[in-house]
Amino acid sequence: MTVVRNRLALVALGVLALLVIAAVFSPLLAPDDPAKQQLLARLEPPAWEGGGSLAHPLGTDQLGRDVLSRVIYGSRVSLLVGIGAALLAGVVGAVCGLFAGFRGGWPDRVLMRFADIQLAFPSLLLALVIVGFLGSGLWNVVLVLGFTGWVAYARVVRSEVLSLRTRDYVTQARATGVTDLTIMRRHLLPNVLPHLATIATLHIAAAIVAEASLSYLGLGVPKETVTWGSMLADGQLYLGTSWWVAVFPGLALMLTSLAINITGDALRDVADPKAYRR
């Protein structure tokens, strides 16, 4: 089964494409400055409700800031954090998994026991502790979410390498004097890349939700930077009267996570067709 034949995956890819376009071209697509306050237009409803206007299609928040513009700009932080955390965790996890699986012995035992210890702590709680120690900030959040996410990559890569290292082409390469580093880079890494891509896709969604959770609690990206999590925190007090302040960033977060997860499932099916048939 290919991604092209999966209609649900195509819809998810379309949503992700719109998200990327919104993030890259935010200054061109946003109808207003996301930080511009207009107190006379505060808590203005969406355009289709009574009292709304086309100047603010999704309404305004408690400070009169345009909700649509803030949702569009919030996509930039979400994508940056998600992709950055996935890249960092993927590199660290792939290196650790390759080394542990190929060498075995005490390096494997030490790395896997360290991974087990980290898995004993809830990832969000661990992120809260580290962010509380390092302080809030965009790159601190990326660093923390990357550090807390490497274990999944390492365990999957190690599992694959344990089965690949006994293959004939690996044995032949070692017999001809090829170094371990070259074997891992040329023969093992290309075979685990599809699995890394699948995990990375799912990790991006998890990192986006984690960043929103940290920002919601006031421990993520600074308040002056627009994020979906901070918008949810600001809008929770107005759910009964001005629902749009929190609902639209929540919908953006939900649709983004759902689209990424569906895409990750489709990539998994492509990487392992036998698992799909089961």
Side-chain angles (χ1 to χ4, degrees), residues 81-137 139-167 170 174 180-181 183-185 187-217 219-220 257 260-261 263-265 267-269 271-272 274-275 278:
V81 170
I83 295 174
L87 285 175
L88 178 59
V91 171
V92 175
V95 171
C96 292
L98 280 171
F99 184 73
F102 187 72
R103 295 299 299 272
W106 69 265
D108 180 30
R109 291 192 294 271
V110 170
L111 285 172
M112 289 302 102
R113 293 301 76 76
F114 183 75
D116 292 338
I117 292 172
Q118 182 169 324
L119 286 175
F121 295 92
S123 57
L124 184 57
L125 179 60
L126 183 61
L128 284 171
V129 172
I130 300 175
V131 168
F133 178 76
L134 295 178
S136 61
W139 297 114
N140 283 347
V141 171
V142 172
L143 180 65
V144 167
L145 296 179
F147 172 76
T148 57
W150 70 274
V151 175
Y153 297 87
R155 291 168 70 91
V156 171
V157 170
R158 172 184 176 272
S159 177
E160 290 295 319
V161 170
L162 285 175
S163 63
L164 291 172
R165 70 179 185 178
T166 58
R167 300 289 177 86
V170 176
R174 300 183 77 169
D180 290 348
L181 183 61
I183 292 175
M184 287 188 283
R185 178 170 54 87
H187 301 290
L188 298 180
L189 182 59
N191 287 287
V192 301
L193 282 178
H195 302 282
L196 285 175
T198 302
I199 301 172
T201 305
L202 301 176
H203 186 213
I204 290 174
I208 289 175
V209 174
E211 180 278 321
S213 301
L214 292 173
S215 296
Y216 178 84
L217 296 173
L219 294 174
S257 301
I260 294 175
N261 282 319
T263 303
D265 288 341
L267 289 177
R268 180 198 60 195
D269 297 338
D272 190 3
K274 293 182 180 179
R278 291 196 296 267

NE2 of H203 to OG1 of T148, rounded to nearest 0.5 Å, is 6.0 Å
V157 and L98 have their tightest heavy-atom pair at CG1-N, 3.5 Å
One should read off an interatomic distance between F102 CZ and R174 CZ, to the nearest 0.5 angstrom, of 4.0 Å
(request) Could you tell me whether a side-chain N or O of E211 sits under 3.5 Å from a main-chain N or O of G82, the two making a donor and an acceptor? (result) no
Heavy-atom closest pair (I260 atom, A205 atom, distance to 0.1 Å) is CG2-CB, 3.6 Å
Distance col, row L111:CG vs R155:CZ, nearest 0.5 angstrom, shows 12.5 Å
**Request:** Could you walk me through whether I208 and V81 pass side-chain contact (heavy atoms from CB on, under 4.5 Å), step by step?
**Result:** CA-CA 7 Å; I208 289 175; V81 170; 6.0 Å; no
_side-chain contact (heavy atoms from CB on, under 4.5 Å), that's the test. Do T198 and V156 meet it? Break it down for me._
CA-CA 11 Å; T198 302; V156 171; over 6 Å; no
Quick one, Y153 with V92, criterion side-chain contact (heavy atoms from CB on, under 4.5 Å). Give me CA distance, side-chain angles, the key distance, then yes/no.
CA-CA 8 Å; Y153 297 87; V92 175; over 6 Å; no
d(I130 CD1, L143 CG) to nearest 0.5 Å is 8.0 Å
Exercise. How are the rings of F114 and W150 set relative to one another: parallel (under 30°), tilted (30 to 60°) or perpendicular (over 60°)?
Worked result: parallel
- Query: Counting only N and O atoms by type, is there a donor-acceptor contact under 3.5 Å from the side chain of T201 to the main-chain atoms of A197?
  - Reply: yes
Taken to the nearest 0.5 Å, the spacing of M112 CE from D116 CG works out to 8.0 Å
Q118 side-chain N/O to F147 backbone N/O, donor-acceptor pair under 3.5 Å: yes
Between the CG atom in D108 and the SG atom in C96, the distance rounded to the nearest 0.5 Å is 11.0 Å
Does atom CZ of R165 have more than 12 heavy-atom neighbours, drawn from other residues, nucleotides or ligands, at distances under 6.0 Å? yes
Determine, stepwise, if the pair V141 / L145 fulfils side-chain contact (heavy atoms from CB on, under 4.5 Å). CA-CA 6 Å; V141 171; L145 296 179; 3.8 Å; yes
